[in-house]
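Side chains included, hydrogens not; waters and symmetry mates left out as well; all remaining heavy atoms used. Note on naming: letters A, B, ... go to the chains in the order of the sequence lines (proteins, then strands), and numbering restarts at 1 for each one. If you're wondering where the values come from, they're calculated on a predicted model, not measured in any experiment.
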2 protein chains.
Amino acid sequence: MDAEAIKRSLEDTGLRCTPQRYAVMAFLMETDQHPTSAEIFEAVNRVDPRSSRATTYNNLRDLVQAGLVREVAIEGRAARFDAKGMRHHHFICDRCGNVEDIDWYDLPSPAPGSLDKRILRESEVIFRGLCAKCAPGGASRQA
Amino acid sequence: MDAEAIKRSLEDTGLRCTPQRYAVMAFLMETDQHPTSAEIFEAVNRVDPRSSRATTYNNLRDLVQAGLVREVAIEGRAARFDAKGMRHHHFICDRCGNVEDIDWYDLPSPAPGSLDKRILRESEVIFRGLCAKCAPGGASRQA
DNA sequence: ATATCACATTAGATATAGTCTAAGTTCTCA
DNA sequence: TGAGAACTTAGACTATATCTAATGTGATAT
Ligand SMILES: [Mn+2]
Ligand SMILES: [Mn+2]
Ligand SMILES: [Zn+2]
Ligand SMILES: [Zn+2]
């Protein structure tokens, strides 16, 4: 996705395309990792323009609200973010906390009535276990 | 589940049944809410013995490791906990952050190969949206 | 019974993640 | 061109969770 497309997707949701906001979005779209806010802050500041920590948080919040970015909360660690490109599920490593994408597949709906008066917006599967690096025999061999 | 059963489940996993640890477990088993560590700390201290904040965190960590308790990370809020009784999924409210249980149902496995070298321990579905209280028309009507 | 030692608890200090404030800047549009 | 809205900023602040080092407790061995 090119610069124009990012610009359009921002403006379609009522957000101005500022250099700081563009940089966050562009960075998230070009990685398949799930960086933390601190990593995003550092990455967008390796090139100009300088963006503040508050702005990074503000923009992540706005992008999540706009539905362009997903936030993944992880027990005991900083939240991670990804651009919502293709629909997908997530695998979260018990040991290192890394988040990895798992191909999307449709879920069976919950038993009718079990959602009651709730309004469902989305559902996702979280897989947990050990990532390839942390699994015994994996490359980790952490010192 | 009675006191003896809790005691046994703790000792089966190699944990001593201390009054503080028992109190955390008993409290989690008798509620269908998903209290935060602060709420658990307060609840177990409404009755003796007094338990410290550090002990509450220590015990929650131990109980999660032992597989008796589940921790639910929520974006921008304190983690919540529940006793792993019956298997179930979770609904998390976008607005108030409340976690509610959804009846268990089996998931289709991910496409073969899509888990690659990872070791899968468990999977769960997270539903998101508005809880009954927060849905328009719900009782919330927040001032 | 008593010594021993691993397990557990504690208060408070510390660390980490995220939010808020108040002032300044840039964009939009009348 | 002027006014207001949207945005950015540094740094103070808050919330959540972990760590430290001293103390307490209970199971086991002798
Ligand atoms: Mn992802
Ligand atoms: Mn639950
Ligand atoms: Zn890992
Ligand atoms: Zn709600």
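- A cation-pi arrangement is present between A/Arg118 and B/Phe91 under the rule of less than 6.0 angstrom and at most 45 degrees off the ring axis.
- Between B/Asn59 atom CG and D/dA17 atom P the separation is 15 Å, expressed in whole Å.
- Counting non-hydrogen atoms under 4.0 angstrom, B/Thr18 reaches the backbone sugars and phosphates but no base.
- Per the geometry, CG belonging to B/Leu60 stands 15 Å off C1' belonging to C/dA8, to the nearest Å.
- Rounding to the nearest 0.5 Å places CG of B/Asp62 at 10.0 Å from OG1 of B/Thr55.
- Distance CG (A/Asp62) to P (D/dA5): 17 Å, rounded to an integer number of Å.
- The heavy-atom pair separating A/Pro110 from B/Tyr105 by the smallest distance is CA-CE2, 3.5 Å.
- In this structure, B/Tyr22 places its OH atom 15 Å from P of C/dT9, rounding to the nearest Å.
- If you measure from atom CZ of A/Phe41 to atom C1' of D/dT9, you get 11 Å, rounded to the nearest angstrom.
- Atom CZ in A/Arg61 sits roughly 10 Å away from atom P in D/dC7 (whole-Å rounding).
- In this structure, A/His34 contributes its side chain and A/Phe81 its backbone to no donor-acceptor pair below 3.5 Å.
- Classification of A/Lys84 and A/Glu71 as a salt-bridged pair fails, no side-chain N sitting under 4.0 Å from a carboxylate O.
- In this structure, A/Arg21 reaches the D/dC7 phosphate: one of its side-chain N or O atoms is under 4.0 Å from OP1 or OP2.
- Taken from CD1 in B/Ile6 to CD in B/Glu11, the straight-line distance is 12.0 Å, to the nearest 0.5 Å.
- Rounded to whole Å, the distance from CZ on A/Arg50 to C1' on D/dC7 is 19 Å.
- Below 30°, between 30° and 60°, or above 60°: for B/Trp104 and B/His89 the angle between ring planes is below 30°, a parallel geometry.
- An OP1 or OP2 oxygen of C/dT9 is reached within less than 4.0 angstrom by no side-chain nitrogen or oxygen of B/Ser51.
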Per-nucleotide protein contact along nucleotides 15-30 of chain C, 5' to 3', at a 4.0 Å heavy-atom cut-off (B base, S sugar-phosphate only, - neither), is --SBBB-----BB---
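- Look at B/Ser52 and you won't find any side-chain N or O under 4.0 angstrom from OP1 or OP2 of C/dT9.
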